[in-house]
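These notes concern the structure reproduced below.
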Amino acid sequence: QVQLVESGGGLVQAGGSLRLSCAVSGRTSSFLVMGWFRQAPGKEREFVAAISWIVRNKDYDDSAKGRFTISRDNAKNTVYLQMDSLKPEDTAVYYCALRWGSAMVRSDYNYWGQGTQVTVSS
């Protein structure tokens with residue numbers, strides 16, 4: 001059974017940085033894509049970034065380009081989201097997700113973590 005556990009959220013001032021981590025356990029294949037999503041109060045969940053596990057292709061939403069960096073550590077079975085130059089509008093619960101296969105898509109993920117809160121104060 002795949003399990004995803006996020007950590008690293010917290011309260012930060014605008015312009016600051018946070019690094020989110022997502023520990024992956026129970027995976028049975030490396031043909032997968034890991035994604036980060038976020039959901040702000042009263043809004044729908046939205047795609048932030050994704051990375052393919054094997055070839056490390058990356059995809060970013062326009063809101064994340066130039067500020068966020070997704071990466072993964074195969075030895076640690078962990079995916080990271082480095083978030084720099086944070087803005088109050090980045091405040092949300094951040095979720096990591098896993099999708100089987102190699103297609104870089106922004107939907108139809110198979111497994112989700114429980115989420116970690118990120119709050120950016122102005």
How long is the gap from [atom1] on [X] to [atom2] on [Y], to the nearest 0.5 Å?
| X | Y | atom1 | atom2 | answer |
| --- | --- | --- | --- | --- |
| E46 | S63 | CD | OG | 5.5 Å |
| C96 | Y111 | SG | OH | 13.5 Å |
| S52 | R72 | OG | CZ | 8.0 Å |
| W53 | W100 | CH2 | CH2 | 10.0 Å |
| R19 | L81 | CZ | CG | 10.5 Å |
| L32 | L98 | CG | CG | 4.5 Å |

Problem - Audit row: Y95, F37, ring-ring contact (aromatic ring centres under 6.0 Å, His included) steps and yes/no - result: CA-CA 5 Å; Y95 299 89; F37 294 76; 8.6 Å; no
Counting C-beta onward and ignoring hydrogens, is there a side-chain heavy-atom pair between [X] and [Y] closer than 4.5 Å?
| X | Y | result |
| --- | --- | --- |
| I51 | V33 | no |
| V120 | E89 | no |
| Q117 | Y94 | no |

Cluster check [X], [Y]: I/L/V/M/F/W/Y, side chain < 4.5 angstrom:
| X | Y | answer |
| --- | --- | --- |
| V93 | V118 | no |
| F68 | L20 | yes |
| M34 | L18 | yes |
| L86 | V48 | yes |
| V24 | W36 | yes |

Practice task
Can you tell me which residue pairs pass the side-chain hydrogen bond (donor to acceptor under 3.5 Å, both in side chains) test with a partner in residues 76-87, sequence neighbours excluded?
Solution key: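 Found S17-D84, R27-N77, Q82-D84.
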Exercise for the section: Tell me, with the steps shown, if M83 and T69 meet side-chain contact (heavy atoms from CB on, under 4.5 Å). Expected result: CA-CA 7 Å; M83 304 187 295; T69 303; over 6 Å; no
Exercise for the section: List for me each residue that meets side chain to side chain contact (heavy atoms under 4.5 Å, CB included) alongside K65, sequence neighbours excluded, and say none if there are none. Expected result: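 In terms of side chain to side chain contact (heavy atoms under 4.5 Å, CB included), with neighbours along the sequence ignored, K65 is linked to Y60, D62.
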Exercise for the section: Applying side chain to side chain contact (heavy atoms under 4.5 Å, CB included), name anything that partners S122, two or more places apart in sequence or on another chain. Expected result: P88
Exercise for the section: Examine distances only and state if a side-chain atom of D59 and a backbone atom of M104 form a donor-acceptor pair shorter than 3.5 Å. Expected result: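 Flag not set: sc D59 to bb M104 has no pair under 3.5 Å.
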Exercise for the section: Check T91, D90, T116 against R38 for a side-chain hydrogen bond (donor to acceptor under 3.5 Å, both in side chains) and give me the one that passes. Expected result: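 Running side-chain hydrogen bond (donor to acceptor under 3.5 Å, both in side chains) over T91, D90, T116 with R38 returns exactly one hit, D90.
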